[in-house]
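Before any comments, here is the structure.
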There are 2 protein chains.
Amino acid sequence: MSEAQDTNTLKARRFGIDTQHETMAFVRDDCPVCRSEGFSAHSRVRLQNGDHAIIATLYHVSPELLGRDEIGLSESAWARLETKPGAPLAVSHPAPLNSLADVRAKIFGQHLGNDTALEIISDIVEGRYSDIQICAFVTACAALPLDLDETTALTRAMVETGEKIAWPNTPIVDKHCVGGLPGNRTTPIIVAIAAAHGLTMPKTSSRAITSPSGTADTMEVLTRVDLDLSEMRHVVETEGGCFVWGGSMQFSPSDDAMIRIERALDLDSQGTLIASVLSKKIAAGATHLIIDIPVGPTAKVRSPEAAIALQQSFIPIGEQFGIKVQVEMTDGSQPVGRGIGPALEARDVLAVLRGDDGAPNDLRDRACQLAGSLLELVGKAPEKQGTLMARATLDSGDAWHKFKAICQAQGGFETPPSAKHTRPILAARAGHVAAIDNRRLAKAAKLAGAPEDKAAGIDLHVRLGDVVNKGDTLYTLHTESAGELAYAIEYIAANPGIIDLTSP
Amino acid sequence: MSEAQDTNTLKARRFGIDTQHETMAFVRDDCPVCRSEGFSAHSRVRLQNGDHAIIATLYHVSPELLGRDEIGLSESAWARLETKPGAPLAVSHPAPLNSLADVRAKIFGQHLGNDTALEIISDIVEGRYSDIQICAFVTACAALPLDLDETTALTRAMVETGEKIAWPNTPIVDKHCVGGLPGNRTTPIIVAIAAAHGLTMPKTSSRAITSPSGTADTMEVLTRVDLDLSEMRHVVETEGGCFVWGGSMQFSPSDDAMIRIERALDLDSQGTLIASVLSKKIAAGATHLIIDIPVGPTAKVRSPEAAIALQQSFIPIGEQFGIKVQVEMTDGSQPVGRGIGPALEARDVLAVLRGDDGAPNDLRDRACQLAGSLLELVGKAPEKQGTLMARATLDSGDAWHKFKAICQAQGGFETPPSAKHTRPILAARAGHVAAIDNRRLAKAAKLAGAPEDKAAGIDLHVRLGDVVNKGDTLYTLHTESAGELAYAIEYIAANPGIIDLTSP
């Protein structure tokens, strides 16, 4: 195709459309390259600027938007091509995407092997998949759950296609929570305790997938989290721990693309979840890992059986990659702490670390339990002594001191913001709190604007078993805009059972 | 939300981006409505202009493209809203899409019921699903194949959400081919024969899904096919038959959206296939239906068992909707006729209808077999006499006469175009033709530009069992652009086994 390619150039134009991960290109339908190459709307095209090549989805635009010899680029395409206004871009047909046959094979029930997983994940990382193609893969992985070998293959592929970090000494400890429980923000506390004990805990966290906040969203309220690999290494070498957004690490770059689609579908599946978690831990160099699985009727994991199924995958797959995994099943029947949403959760974390009067005990207890398990897992604490040891580190102020030191090393410590609008949601009648629907409470917090609006979310005032009077505040909505406030209220009105009150 | 909605207006601007089915909207990230409502990039937003409301995906654009109080609309959004430049559009949060929970339930193995199918399909028809959401649904239907009840539910939902047509008299005959066989363009011939016999055959056809041409693509070369319902009714009342693109009928509008995604994934599944076929036949008022299933190692249906599985769904589901279905399994081991691609296939169809010397016999035989079955199914022909009767109608010139009359009624008859570039593909050695890979031959025809370029495709010069010498032409590529020619040649070079020659 070389004779054709030489003449197929169009002038780059930054089109200023933010399409996030998906790359898009825009041309007039009378553009000469499209005529000669036969590109039609929605074609996938290969664009090249020197060493940088991408595949983009092509859209046709009307003549007033572009010159005939121009090609408009979405922000993502512009960034990946590292081009300049007016610079020539070579436009050609992309090579056929052979790994799509592997995706179809998985859809039709074939086993996902090491080679096919690597082909699919490599193409996703290289930006060769459209959102639809990624969606077909993640949906197939949910509909036909990955078995142990398939999950291992997917994990390995995700590790091999990303950055890896090696540390001079072991153990390297880590912790992960299989989400689904609003407000369960133990990680920053655990990192502070572990690092105060001299352990190395290079913690990377994700942003929310389907929840109102991820640990990275919460920590971003308090400090800078988008450190690069060398900045992170420096923080960890200095302070022993960090709270960093994993997305800027490129540890498992395919995962971000897949998570974006799963978020749009509100879809989680065991195989992609395990591969997502473990690939990042493997890439981060972890040797010892605690996994917190909250179990409850409206948590992500709804039964002890489902938690055991996860455990039975996490432990052997971790072992294959040299990680000692311990799974802790915790109470998932209600939120942890009071705040739900980045800033409100950050407030609770600070209260526990500072030992404030009125700091949420449940958050404190759970953080100490998990930190204690970690201390025991690496042999820092004698068996059954871990929790006590963790609690002492909190009480002495060592953890709070370490927390501030890590924040300073990451770029400084900030105070959480407050939301513009608040609205109490009142008990319609007297009763005691019989159930709290984590999912719908999380949904209301998202409708209020979390996690995009840092200060938005829900402040929960009751816990299971509490007795309330008619008119008592059950929780308070925090929002940054009147529209979101109205929208969250509308949802709450349509879902009266979010907090289930039974007659006293 | 009424107090918020009243003030949330932005001025419509036609943005000139052709996004096909998916509706997109573009705003500046400092636009006041986004600030007050909390819309972020990739939000789904509801846009309303009087009685017209749509849901669109929101993208942020840089300030030079739009005013702060403007909202840019893709062509699809512009058309659906029927708005004017500068007219106010109400912008709000869409109601939560409850049917997505049904899609997730299907992904996680729950049975698709009548209600859930109707909810999902209604939302797709109303444009409430993004491409990703449609993709998750069609992928789930492929990964966890729909059973008989689920397929019936999907079929019913597709019928209920579309237009229906009733005819004054029965029988209404119809025919469908479960594709996968390049060049298998019997439909126009069968319609001409059936209508020449006085039968009513209001034939609607689809465009290509994953093939180089659909019947609608081929017929579009010869006449106008995008008739609306009343135009089609007039043609059928006048001539007894028609060749119309089904997509302009709105018989099963969800199907077009689903097919578009399946095409992007090159994915077919039995449940969506049966629902797609039967919903359109039910909506078109059919009472008697012949289904042609070509079976061969590289056809869409690869084994008699798979064809029987289709038959076992088609017949009972058809019966539930009052259609007498007969399935014909035909030879799917090689293409039918010589041309592959709209214009080349149209050429073959004309040759058979006119009785030209050298008209492809296989196409003629197959059309007569299927037309004969149809004549028998409705009692027009005695048992085993249908094929002979069909052949006589062809030989007498009655079918050709009827064909031209239908074309004239649809808007006139045109001669097929020829491609700019042709390139013979030669036998690398002597041998006899042991196998023809339908799929890869179709892929080569698509790379050559079919069906978007009407004249593009492949002209096949050999059939199974033929003996060829080194340097003989196996087939000829037809393309409209040098780029596509090069691309198809590259693919053929990388896939030498498309036509398998064994030693003589």
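Note that this is a predicted model, so its numbers are computed, not measured.
- A side-chain donor-acceptor contact under 3.5 Å links A:Tyr487 to the backbone of B:Pro94.
- Highest contact tally toward chain A, considering only B:Ala143, B:Ala140, B:Gly109, is held by B:Ala143 [criterion: heavy-atom pairs under 4.5 Å].
- Looking only at side-chain heavy atoms (C-beta outward), A:Phe26 and B:Asp18 stay at 4.5 Å or farther from each other.
- No part of B:Ala494 comes within reach of chain A, as not one of its non-hydrogen atoms sits under 4.5 angstrom from that chain.
- Counting heavy-atom pairs closer than 4.5 Å to chain B, the top residue among A:Asp131, A:Asp266, A:Leu65 is A:Asp266.
- Neither the backbone nor the side chain of A:Ala101 comes within contact range of chain B; no heavy atoms are under 4.5 Å apart.
- Residue A:Leu265 touches chain B through both its backbone and its side chain, counting heavy-atom pairs closer than 4.5 Å.
- A:Ser62 OG to B:Arg14 CZ: the interatomic distance, rounded to the nearest 0.5 Å, is 7.0 Å.
- The shortest side-chain heavy-atom distance between A:Glu75 and B:Tyr59 does not fall under the 4.5 Å cut-off.
- Here the straight-line distance linking atom CZ of A:Arg260 with atom CD1 of B:Ile132 works out to 6.5 Å at 0.5 Å rounding.
- The 12-atom threshold is not exceeded at CZ of B:Arg423, counting heavy atoms of other residues, nucleotides or ligands nearer than 6.0 Å.
- Neither the backbone nor the side chain of B:Phe137 comes within less than 4.5 Å of any heavy atom of chain A.
- When the candidates B:Leu267, B:Leu447, B:Leu100, B:Leu485 are compared by the number of heavy-atom contacts under 4.5 Å with chain A, B:Leu267 comes out ahead.
- Between B:Glu484 and A:His93 the shortest side-chain heavy-atom distance falls below 4.5 Å.
- Only the side chain of B:Glu452 comes within less than 4.5 Å of a heavy atom in chain A; its backbone stays farther off.
- Both the backbone and the side chain of A:Ile17 have a heavy atom closer than 4.5 Å to some heavy atom of chain B.
- The shortest non-hydrogen separation linking A:Ile107 to B:Ala142 is CG2-CB, 3.5 Å.
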